[in-house]
Amino acid sequence: MTCRRAPRRNQGQPLQNNPHTTLITPTAPVTAATHGGRAKCLQRLVRLDLPVPRTVALSFDAVHRIAQGDLPDISAILGEFSPETLLCVRPSSEDPDWGGPGAVLNIGMNDARHADLCASLGREAAAALYLRFVQSYAIHVARLDPDMFDDIAEDGASGLKATLHAYETETEEPFPQDPADQLAGVLRSMARAWEGTSARLLRQAKGAPADAGLGLVVQEMIPGVGQGECGSGVLQLIDPVTGLPQITGRYLSQSQGREALGAGTAALFLEKDARGPSLQDVAPDAFTALKRHASLMREKLREEMQLEFVIENGQVHILDGVRVARSGRAAVRIAVQLAQDGIITPQEAVMRIEPHALNELLHRQVAPRARRDLLGRGIAASPGAATGRIVFTSADAQAAAARREACILVRRETSPEDIRGMHAAAGVLTERGGITSHAAVIGRGLGLPCIVGASSMKFLTGKNQVIAADGRVLKAGDIITLDGTTGQVLAGEPEMLEAALDDSFQTLMGWAEDFSDIGVRANADSPADAQTARNFNAQGIGLCRTEHMFFEPGRLTVMREMIFAETSADRAAVLERLLPMQREDFTQLFRIMQGQPVCIRLFDPPLHEFLPATRGGQRELAEALGLPVSDVIRRIEAMEEYNPMLGLRGVRLGVTVPEIYDMQARAIFEATLKASEEGDPVVPEIMIPLVSAKREVELVKRRVDAVAAAVRSEQGRGFDFRLGVMVETPRACLRAGEFSHLTSFLSFGTNDLTQMAYGLSRDDAGRFMSDYVNQGVFPEDPFHVLDTEGVGELLKLGAERGRQTNSGITLSICGEHGGNPESIAFCRSAGFDYVSCSPFRVPVARLAAAHLAIGHQISGQEDETD
Ligand code: PEP
Ligand code: MG
């Protein structure tokens with residue numbers, strides 16, 4: 001353990017068990033909450049009997065008092081160490097991620113110690129230790145400008161002399177020689193640095209409370225320089241990017257602190273390595289001891305730890321252990337492996353992975369170490385990274401795909417006409433739009449990296465140019481990278497990490513499902529989406545937006561013909577052509593979902609999305625209708641609405657042109673019978689969109705029931721189905737009690753509900769949302785994180801009133817919020833049965849749901865023991 005060498009100073013009181021300034025022993029009163037994570041970790045290492053240098057821990061209170069000028073008994077602290085020992089002071093914040101002031105090494109160095117060490121360590125080493133201390137004391141304690149030492153080129157004795165001279169000239173004082181003065185100065189400066197304004201702001205940015213405490217540890221220095229094999233380094237048992245077992249780290253002979261990690265040093269590898277010499281070559285026993293210590297720490301501290309170590313004449317000392325910083329994919333592998341090794345429980349493994357962090361595994365990512373050449377920013381609308389050549393039209397995207405060339409589709413905003421281009425592109429960048437705009441919704445559905453509302457860049461799409469935030473001009477064919485996870489647009493092609501849906505991920509997801517108590521379904525509009533949903537073990541489809549099916553190549557024109565049909569006979573003829581297409585769509589979905597619930601929303605277009613906006617589209621439609629283009633344009637103008645999102649949408653179309661819903665209901669029922677012949681019985685769910693009045697539900701229900709009866713009698717076979725209402729207008733929430741007895745389920749469409757509750761266009765909010773969030777008007781983008789206060793109140797009212805007249809009604813949400821962990825917490829506490837989100841968000845939602853259930857279990861147990 002820690003007892004080393006010469007007798008201690010013994011002048012002060014021993015610091016055993018003083019709650020504020022205590023020697024770290026196995027039983028000392030040290031906790032992370034009072035002395036910080038580093039002090040607590042050192043105590044754990046001491047308890048494991050690892051070779052940890054003697055250490056005194058100062059509590060948060062003690063450090064706070066130091067900042068106010070009230071020093072602890074310095075001689076008592078020094079009394080814990082032998083007089084010739086050099087010391088270092090390191091920060092120990094409650095959470096190591098909150099940082100702290102830099103460590104100061106070699107406290108106690110003075111002219112006398114320097115002379116002694118010249119004899120024992122050699123002149124070079126002694127001078128290096130002293131010089132390092134003078135410099136760090138000058139910068140951190142005397143607060144001198146670091147540049148003042150730039151001109152001193154020499155090291156060794158002459159460098160030391162010049163450095164001391166520079167210090168004394170600048171401060172007009174001799175360099176302090178008394179170790180007590182030195183230690184007091186270091187403690188005071190570190191305590192004050194932590195309480196300064198910039199440090200407060202920095203740690204607040206990292207999520208720490210502004211008044212978070214700082215502990216300090218005063219530790220005996222093992223110099224890392226001197227006779228025999230001496231040096232310092234770090235070691236860990238895994239690769240921090242992949243999480244795979246691999247001894248990684250560096251070691252530098254005759255070095256201190258983290259010098260081994262500096263660029264351009266002659267650091268050694270740890271394990272034998274073909275690329276160069278290793279610690280295993282030069283000090284095999286020390287290497288074996290380090291590996292043994294690291295394994296013990298992994299097992300007993302129940303975490304992959306990075307060891308900071310020093311070798312002194314071949315002997316290993318462990319200075320510190322910190323949790324290995326890791327990528328998202330490494331985090332999953334580590335947690336699962338620890339659970340599989342019986343070191344932690346599966347519940348704990350699940351709790352250790354932050355749900356949002358899964359995005360990094362589900363999609364390609366920019367490698368954490370890659371250099372980022374930032375061109376601009378927008379809203380991170382669909383995660384993952386994609387590189388490709390800029391194209392400005394969907395036709396060019398399709399042409400690029402035909403050449404097997406990756407491209408990024410750049411548009412002001414996307415419309416249904418861009419769907420083919422989006423399918424062909426590797427990523428999508430738009431100037432306009434918010435988190436629920438067309439590009440964002442489609443991008444998430446396709447798992448396509450997407451950035452919308454990139455208003456920091458100028459889109460001159462007419463000129464086929466985009467101007468980056470710093471003025472660089474980007475043209476068609478230039479290579480850019482979208483980081484849809486952060487919203488950054490980058491120049492060129494940075495290094496990427498591939499998606500990692502490996503065994504560890506699958507195992508973690510299996511555990512998450514076992515522990516969850518709210519269902520997770522997927523929003524899926526195509527067989528490909530449904531397959532993704534199935535692969536991620538979604539518990540059904542919670543929303544199939546049927547209008548997206550008509551964006552498929554070859555169908556858009558038929559759909560437009562239907563919209564343009566002037567007579568009932570014309571419409572019936574077009575619907576006749578659409579029926580088999582829809583029947584095939586639904587049959588495929590039912591087959592893929594294998595008997596799981598599939599909730600199909602009846603047609604809900606904002607009609608404008610289907611009208612051709614380009615000359616080419618108008619010409620195509622004119623050909624299909626056998627009309628002159630001018631006629632088509634006139635008709636489009638006649639159908640234009642001032643506010644299409646509040647116009648002839650959803651059930652309003654179903655009421656005014658009921659044949660469309662009749663056709664869809666028939667397609668659903670015929671597909672049900674077909675798919676049920678081949679596999680598990682299917683019970684389809686049919687959902688009526690944008691309801692605001694009871695009569696709408698009655699009218700649609702009557703027709704859907706009639707179609708069901710007709711199909712049953714035509715086919716001579718029975719089937720069940722469930723009819724539900726999509727609650728996405730404020731009035732539907734308020735009046736849910738009026739129509740819920742007519743339905744089996746209510747699914748809250750929180751995209752439209754948010755839009756209508758705020759009176760905030762979901763397609764235009766991107767323009768000013770960041771200003772609103774930055775100025776604290778909204779805590780978050782309400783299209784992204786559910787507004788639990790306002791929109792949440794509407795949800796609660798709707799759920800409550802719905803249950804009053806139909807106690808067994810199924811409740812869910814299917815807006816984009818369904819994939820957001822904070823919003824899932826709200827739904828779970830409101831007693832909803834499931835959430836439904838884009839297929840690629842299903843794993844995030846499942847993990848979030850498991851966290852909530854496990855967290856609830858733990859707090860329940862705590863309540864019982866209270
Ligand atoms: C909603 O409004 O929340 C919803 C899911 O429907 P859409 O996004 O298709 O309008
Ligand atoms: Mg909606």
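For clarity, every value in this text was computed on a predicted model and none was experimentally measured. Whatever order the structure lists ligands and atoms in, that order sets their numbers, starting from 1.
Leu786 and Ser823 get closest at one heavy-atom pair: N-OG, 3.1 Å.
In this structure, the side chain of Arg412 does not engage the main chain of Arg432 through any donor-acceptor pair within 3.5 Å. Judged by distance alone, with hydrogens and angles left aside, the side-chain atoms of Ser692 form no donor-acceptor pair with the main-chain N or O of Arg731 at under 3.5 Å. With Glu696 contributing its side chain and Val655 its backbone, the two residues share no donor-acceptor pair below 3.5 Å.
Evaluation of the side-chain hydrogen bond (donor to acceptor under 3.5 Å, both in side chains) test over residues 773-798, restricted to residues two or more places apart or in two chains, returns Tyr758-Asp787. Residue pairs satisfying the ring pair (Phe, Tyr, Trp, His ring centres under 6.0 Å) criterion with at least one member in residues 796-836, sequence neighbours excluded, are listed as follows: Phe748-Phe832.
In summary, Asp604 and Arg649 engage in a salt bridge, as defined by a charged side-chain N under 4.0 Å from a carboxylate O. Using a cut-off of 4.0 Å between Lys/Arg side-chain N and Asp/Glu carboxylate O, Arg545 and Asp529 are scored as not salt-bridged.
Remark: the Gln664 side chain and the Thr546 side chain contain an N/O donor-acceptor pair separated by less than 3.5 Å.
Taking 2.8 Å as the limit, the number of protein N, O or S atoms around the Mg ion (ligand 2) is 2.
Within 4.0 Å of ligand 1, protein heavy atoms come from Leu543, Arg545, Arg601, Arg649, Met726, Glu728, Gly749, Thr750, Asn751, Asp752, Arg762, Cys814, Gly815.
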